[in-house]
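Start at 1 and go down the list; that is how both ligands and their atoms are numbered.
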Amino acid sequence: MRMRRLRRSDSMRALVRETVIEPGDLIYPLFICPGQGVRREVGSMPGVFNLSVDEAVREAEEAAGLGLGGLLLFGLPETKDEEGAGAWEEGGIVQQALRAMRHSAASKKLVLIADVCLCEYTSHGHCGIIVQGRDGFEVDNDSTLELLARTAVSQAKAGADIVAPSDMMDGRVAAIRRALDTEGCSQTPILSYASKFASAFYGPFREAADSAPQFGDRKTYQMDGANLREAMREIDLDLGEGADMILMKPAMPYLDVIRAARERVDVPIGAYQVSGEYSMLQAAFAKGWLDRDRTIIESLLGIRRAGADFAVTYFAKDAAKLLA
Ligand code: PBG
């Protein structure tokens, strides 16, 4: 047997290729900030910007032109408070962006996904309400659920096609589903970050979204990176509560978890190539240590081959251009 027979030319390799990536499989995250004409680059994420609503609409138009699947919206509010009111207010920053995008032609081609979480909006930077617990301050699960549900409803009403809870509180999918249904948003799907690990790879995001916890860490709600079986339980619970799709994250250090999820459930699966994955590749590109174009595609191919149907990636625009 000579395996090399089928590797002899570009066209032969294309014929036998098992995994493909299309721009429509890629979701591009945006960080929306107050102001007008603002386009502020994130220090640890070259090529990623905090964008005011007007700039974000322009970005959406470009994304639509490139054939991307959709956008994932995060917000940097004008002010932060203990409860993260900026997340659910009708005039909240993500709600403003959603309304503006809804009025642009781009939105017809893109799926607009709103990240549901409180950490960008709370003064303490945690993903839920802080209470005094037995051993000091802790994030209270059940009082947080109501705020997350309120956030999801207000995003759906502002024009989100999908809401994506990333907080990792127990029971949040059920709480959000119930609230959406009672508020007339029964057609809005939930993409739950079912399997989200407490990861060092979120570091640059916390600069981009100004969401670093002011004390402690997220290990009491996000999962321990050592646990694959626990990730499967999280997925089962979220689907039982009514999640329509699941998101796995980070991607590259957890490709085995994506594969296990793919073999276990039949819902659409997305994987998030997170900020740290992006930044370390960018750093290597800047040093000339890795070939940019080939590395971008290979990193996304790995995610698709592991079993994800779509990828959330800060490389979405770059990849779409490379695939064109
Ligand atoms: C909010 C949230 C985070 C990310 C997505 N949603 C940060 C965190 O959990 O600390 C990380 C995304 C990235 O690193 O690109 N909870």
(message) Suppose we measure from atom 12 (C) of ligand 1 to each protein heavy atom; which comes out shortest, and what is that distance?
(response) F205 CD1, 3.3 Å
(message) Could you identify the single nearest non-hydrogen protein atom to atom 14 (O) of ligand 1 and state the distance to 0.1 Å?
(response) S275 OG, 2.7 Å
(request) Flag Y314 as yes when one of its N or O atoms lies below 3.5 Å from any N or O atom of ligand 1, and as no otherwise. (result) yes
(request) Quick one: look at Y272 and ligand 1, take heavy-atom pairs under 4.0 Å, and tell me if it's side chain, backbone, both or neither. (result) side chain
(request) Find out if a path of hydrophobic residues (ILVMFWY) with successive side-chain heavy-atom gaps under 4.5 Å connects F197 to L237. (result) no
(request) With heavy atoms of S166 as the reference, note each atom of ligand 1 found under 4.0 Å away. (result) 1 (C), 2 (C), 6 (N), 16 (N)
(message) Could you tell me, atom by atom, which parts of ligand 1 come under 4.0 Å of a heavy atom of C117?
(response) 1 (C), 16 (N)
(request) Give the atoms of ligand 1, by number and element, whose distance to some non-hydrogen atom of C119 is under 4.0 Å. (result) 1 (C), 16 (N)
(request) Give the numbers and elements of all ligand 1 atoms closer than 4.0 Å to a heavy atom of D115. (result) 6 (N)
(message) Checking a contact table here: which protein heavy atom is nearest atom 4 (C) of ligand 1, and how many Å away?
(response) K249 NZ, 2.7 Å
(message) Could you tell me if S299 and E277 have a donor-acceptor pair between their side chains, going purely by distance under 3.5 Å?
(response) no
(message) I need the Y272 OH to M252 CE distance, nearest 0.5 Å.
(response) 15.5 Å
(request) Using a strict 4.0 Å threshold on nitrogen-to-oxygen distance, state whether E55 and R40 make a salt bridge. (result) no
(request) Could you check atom 2 (C) of ligand 1 against the protein and tell me its nearest heavy-atom contact, residue, atom and distance included? (result) K196 NZ, 3.3 Å
(request) Step through the shown structure and confirm whether more than 12 heavy atoms of other residues, nucleotides or ligands are within 6.0 Å of CD on E78. (result) no
(request) Just jot down the ligand 1 atoms closer than 4.0 angstrom to any heavy atom of Q222, in number order. (result) 8 (C), 9 (O)
(message) Using a 4.0 Å cutoff against the non-hydrogen atoms of R218, which atoms of ligand 1 qualify?
(response) 8 (C), 9 (O), 10 (O)
(message) I'd like to know if Y278 contacts ligand 1, where contact means a heavy-atom distance under 4.0 Å to any ligand atom.
(response) no
(message) For F310, run the side chain to side chain contact (heavy atoms under 4.5 Å, CB included) check against I269, I27, V111, I303 and tell me which one passes.
(response) I27
(message) Any carboxylate oxygen within less than 4.0 angstrom of a Lys/Arg side-chain nitrogen, looking at R58 and E62?
(response) no
(request) Answer yes when E18 and R305 have at least one side-chain N-carboxylate O distance shorter than 4.0 Å, and no when they do not. (result) no
(request) Mind telling me whether Y278 and F315 have parallel, tilted or perpendicular rings, with 30° and 60° as the class edges? (result) tilted
(request) Mind checking whether D167 contacts ligand 1 via backbone (N, CA, C, O), side chain (CB onward), both or neither, at a 4.0 Å heavy-atom cut-off? (result) neither
